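Take a look at this one; I'll ask things after.
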Amino acid sequence: MSNDANHGAIFVVDDDPLVLNALSVVLSREGYQVTGFGEGASFLAAAKARTPACIILDVQMPGQSGLDILKELNAQQYPAPIFIISGVGDIPMAVEAIKSGALDFIEKPFDATTVITRVREAIEAWTRRAQRGGTDVLSKTFPGHDLLTARERDVLNQIAAGSSNKQAGRELGISPRTIEVHRARIMEKLGAKNAADLVRIVLSEMPRMM
């Protein structure tokens, strides 16, 4: 599999010039074409005009926050993975961002190797999903199916297949901790008390898989 197709444009949005420059240098060295934005308005205009391979967005932005930007971009439906940059104190906001459509979050301070690996894995997972046409092997008739976002259904597919958080994260290009965030959200939406209960709800309308 060639990486050339994956080494496309990456949009980085951060009001801190040092962070913006550091991410631009690191990702450019890997062959990505990086465009930096210091605020939300110019980024939104660019992201609506063309779709990059990946977006890295600071959750703490002056004026329009990362959450505001995600909502205006309609991140749940956006056709590229979106990472949120988050400080330790911003974790609740990062979790909220994931609920609003961000793929995952990268904690500050971060190292170059981590950022490169996470971005590459996310783009590759996104490409695999697109090639499969967003395949949803789950039955569409189990109670609450329509309450789930496309990403939550992806995670539920992995849970129903018996994948661990680590295996599911690797397949979907997100961290095990973020899988946990999605799992909790799915259980809440479907009224499941635990993982076994969750699988029972999902498989209740799938006798051929029993």
Side-chain angles (χ1 to χ4, degrees), residues 6 54-57 59 66-67 70 75-76 78 80-140 142-206 209-210:
N6 288 338
C54 183
I55 292 168
I56 302 176
L57 169 67
V59 75
L67 288 175
L70 286 173
Q76 292 282 13
Y78 195 76
I82 303 171
F83 280 100
I84 285 287
I85 302 172
S86 138
V88 175
D90 303 330
I91 297 301
M93 198 180 294
V95 170
E96 194 59 39
I98 288 166
K99 292 177 182 176
S100 298
L103 176 73
D104 205 349
F105 63 95
I106 298 171
E107 274 184 71
K108 294 180 192 173
F110 44 74
D111 63 85
T113 305
T114 300
V115 172
I116 291 164
T117 301
R118 299 282 297 282
V119 166
R120 185 188 299 121
E121 287 178 352
I123 293 173
E124 286 175 356
W126 205 269
T127 303
R128 283 196 304 270
R129 186 179 189 279
Q131 287 169 346
R132 291 197 303 260
T135 307
D136 185 359
V137 301
L138 298 172
S139 164
K140 293 180 171 55
F142 70 82
H145 179 280
D146 294 341
L147 299 175
L148 304 179
T149 65
R151 193 155 304 126
E152 286 166 351
R153 286 196 290 272
D154 286 342
V155 171
L156 189 51
N157 266 304
Q158 294 296 318
I159 294 170
S163 299
S164 67
N165 289 349
K166 190 172 182 180
Q167 289 168 329
R170 194 180 302 118
E171 175 64 24
L172 300 176
I174 56 185
S175 67
R177 182 158 42 162
T178 299
I179 293 288
E180 268 300 322
V181 171
H182 285 304
R183 184 194 290 259
R185 182 111 169 126
I186 292 164
M187 287 173 64
E188 181 185 337
K189 285 184 175 182
L190 300 186
K193 301 178 187 67
N194 51 44
D197 197 22
L198 185 62
V199 172
R200 189 169 63 251
I201 290 169
V202 172
L203 298 184
S204 63
E205 298 294 329
M206 300 177 69
M209 289 185 60
M210 297 296 284

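Hydrogens, waters and symmetry mates play no part in the numbers below; they use all other heavy atoms, side chains included. These numbers come from a predicted model, not from an experiment.
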Hey, what do you get for CZ (R185) to CG (L148), rounding to the nearest 0.5 Å? 10.0 Å
Per the side-chain hydrogen bond (donor to acceptor under 3.5 Å, both in side chains) rule, what does the pair list look like for residues 107-116, sequence neighbours excluded? E107-R177, D111-T114
For S175, is there any backbone N or O sitting under 3.5 Å from a side-chain donor or acceptor partner on D104? yes
Under 3.5 Å: donor-acceptor pair, side chain of S163, backbone of I159: no
Is any side-chain heavy atom of F83 closer than 4.5 Å to a side-chain heavy atom of I55? no
Could you tell me the separation between the CD1 atom of I98 and the CZ atom of F105, rounded to the nearest 0.5 Å? 5.5 Å
Taking the side chain as every heavy atom from C-beta outward, state whether R170 and E121 have any pair of such atoms under 4.5 Å apart. no
Under 3.5 Å: donor-acceptor pair, side chain of S100, backbone of E96: yes
Minimum side-chain heavy-atom gap E171-Q167 below 4.5 Å: no
Between L103 and P81, what is the shortest heavy-atom contact and its length? CD2-CB, 3.6 Å
Distance, nearest 0.5 Å, that separates CZ of R183 from CD1 of I179: 8.5 Å
Provide the closest heavy-atom pair for G173 versus A125 in the form atom of the first, atom of the second, distance. N-CB, 3.6 Å
Is the shortest heavy-atom distance from the side chain of E180 to the side chain of V155 under 4.5 Å? no
Looking at E152 and I186, what are the two nearest heavy atoms and their distance? O-CD1, 3.3 Å
Verify, without hydrogens or angle tests, whether Q76 (side chain) and K99 (backbone) share a donor-acceptor contact under 3.5 angstrom. yes
dist R151:CZ -> I174:CD1 (nearest 0.5 Å) comes out at 7.5 Å
Report the distance from atom CH2 of W126 to atom CG of L172, rounding to the nearest 0.5 Å. 10.0 Å
Taking the side chain as everything from C-beta on, heavy atoms only, tell me whether I85 gets closer than 4.5 Å to L57. no
